[in-house]
Peer 1: 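Handing you a structure now.
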Number of protein chains: 2
Amino acid sequence: MNIETAASQMEALGKPKRLDIYRALIRAGKEGLSVGALQDKLGIPGSTLSHHLKTLMIADLITQERQATTLICRANYTSVQQLVDYLVCECCIDSSQDNADCEIDASLTCS
Amino acid sequence: MNIETAASQMEALGKPKRLDIYRALIRAGKEGLSVGALQDKLGIPGSTLSHHLKTLMIADLITQERQATTLICRANYTSVQQLVDYLVCECCIDSSQDNADCEIDASLTCS
DNA sequence: ACTTTATTTTGATAATTCTAGAAATATAGT
DNA sequence: ACTATATTTCTAGAATTATCAAAATAAAGT
């Protein structure tokens, strides 16, 4: 992971509509969702949705697989994990203090 | 956490310079870094740096504390954790498949 | 070939954002 | 009050981005 990649991924997730799209795909799991299903679910015009999906694709945050005329979109779980790692996994390494009580907790506690 | 907040935080981290600033603060730990120290370390002009810090502040990703004439900046560890939770913690909930083998791993394995 | 369905590309406009020099402000020491 | 240090605000130009209607493309059924 380099900083340009990480920043472009963050940027891709940095607009409410694209974050919405991405989270819908995270929720959808392995089955994914077609472009049309996303369009119905989120109420975004096709051309706009297509642009946003392209941005997420270029950032390697989602994948697409064609099934006849429909395109199935899926979240790329590996890349988001690497992104999160890049963001927080060097916590406190430049600190001269004792890091034992570093406030950041690397284990996510999903509620 | 709502989608506007999450998106604005992602957007704040979505430019290489700001991500660099943020990661420098993550690495610095509780001690934090002054604006001037960041300027020296990253080679960013003062006015540009100040704008970026303001963006990170508004997004609640960092905090600032004045010590005489210098401003100490620190990463807000709580907010980034909430952000990561928001991003991945609803993984697969809309899936009709068995989620047991969901590919996403909620526990970060920092290497 | 034609039609239908699904999605992307084109193109154009509006809006936002990045950047950094110059000037202004804030704080504290002399 | 004056000076020095640290940081922010002002300003403006360049660059990027978001949006979506309309046209184009892709795939498969009739």
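Labels below follow one simple rule: chain letters A, B, ... track the order of the sequence lines, proteins then strands, and each chain is numbered from 1. Quantities reported herein were computed from a predicted structural model and do not represent experimental measurements.
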Peer 1: Rounded to whole Å, please give me the gap between CG in Leu38(B) and C1' in dA6(D).
Peer 2: 13 Å
Peer 1: Return the value, rounded to whole Å, for the distance between atom CG of Leu56(B) and atom P of dT17(C).
Peer 2: 14 Å
Peer 1: Map Pro45(A) and Gln39(B) onto DNA chain D by nearest heavy atom, then report which one ends up closer to the 5' terminus.
Peer 2: Gln39(B)
Peer 1: Can you list everything that forms a salt bridge (Lys or Arg N to Asp or Glu O under 4.0 Å) with Glu4(A)? Sequence neighbours excluded, please.
Peer 2: none
Peer 1: Does anything in residues 1-8 of chain A come within less than 4.0 Å of DNA chain C? Heavy atoms only, and list the residues if so.
Peer 2: none
Peer 1: Can you sort out the partners of Glu31(B) under side chain to side chain contact (heavy atoms under 4.5 Å, CB included), two or more places apart, ordered by chain and number?
Peer 2: Ser95(A), Ser96(A), Gln97(A)
Peer 1: Between atom CD1 in Ile58(A) and atom C1' in dT9(C), what is the gap in whole Å?
Peer 2: 13 Å
Peer 1: When you look at Asn76(B) and Leu56(B), which way does the side chain to side chain contact (heavy atoms under 4.5 Å, CB included) test go after all the steps?
Peer 2: CA-CA 10 Å; Asn76(B) 181 351; Leu56(B) 292 168; over 6 Å; no
Peer 1: Does Thr5(B) have any side-chain hydrogen bond (donor to acceptor under 3.5 Å, both in side chains) partners at least two apart in sequence or in another chain, and if so, which?
Peer 2: Asn2(B)
Peer 1: With sequence neighbours left out, what residues match Glu11(B) under side chain to side chain contact (heavy atoms under 4.5 Å, CB included)?
Peer 2: Lys15(A)
Peer 1: Evaluate Ile3(A) against Tyr86(A) for side chain to side chain contact (heavy atoms under 4.5 Å, CB included), listing each step before the verdict.
Peer 2: CA-CA 9 Å; Ile3(A) 195 156; Tyr86(A) 183 79; 3.2 Å; yes
Peer 1: Cut-off 3.5 Å, no hydrogens considered: what does the side-chain donor-acceptor table look like for residues 60-67 of chain B, sequence neighbours left out?
Peer 2:
from, atom 1, to, atom 2, distance (Å)
Glu65(B), OE1, Arg74(B), NH1, 2.8
Glu65(B), OE1, Arg74(B), NH2, 3.3
Arg66(B), NH1, Ala68(B), O, 3.0

Peer 1: Name the atoms and distances for all side-chain donor-acceptor pairs under 3.5 Å in residues 32-44 of chain A, with sequence neighbours left out.
Peer 2:
from, atom 1, to, atom 2, distance (Å)
Ser34(A), OG, Ala37(A), N, 2.9

Peer 1: Please enumerate all protein N or O atoms sitting under 3.5 Å from an N or O of nucleotides 8-18 of chain D, with distances to 0.1 Å.
Peer 2:
from, atom 1, to, atom 2, distance (Å)
dT8(D), OP2, Ser50(B), OG, 2.9
dT8(D), O5', Ser50(B), OG, 3.2
dC10(D), N4, His51(B), NE2, 3.2
dA18(D), OP1, Arg18(A), NH1, 3.1
dA18(D), OP1, Arg18(A), NH2, 2.9
dA18(D), OP2, Arg18(A), NH1, 3.3

Peer 1: What bend angle does the helix from dA1(C)-dT30(D) to dT30(C)-dA1(D) show across its length, from five-pair end axes and to the nearest 10 degrees?
Peer 2: 20°
Peer 1: Using whole Å, what does the distance between atom P of nucleotide dT7(D) and atom CG of Asp40(B) come to?
Peer 2: 9 Å
Peer 1: Suppose we screen for side chain to side chain contact (heavy atoms under 4.5 Å, CB included). Which residues come up paired with Thr55(A), at least two apart in sequence or across chains?
Peer 2: Ala12(A), Arg18(A)
Peer 1: Side-chain contact test, heavy atoms from C-beta onward, threshold under 4.5 Å: evaluate it for Leu53(A) versus Ile21(A) and give yes or no.
Peer 2: yes
Peer 1: Run the side chain to side chain contact (heavy atoms under 4.5 Å, CB included) test against Ile58(B) and tell me which residues pass, sequence neighbours left out.
Peer 2: Lys54(B)
Peer 1: Give the rounded distance in Å between these two atoms: CG of Leu42(A) and P of dC20(D).
Peer 2: 13 Å
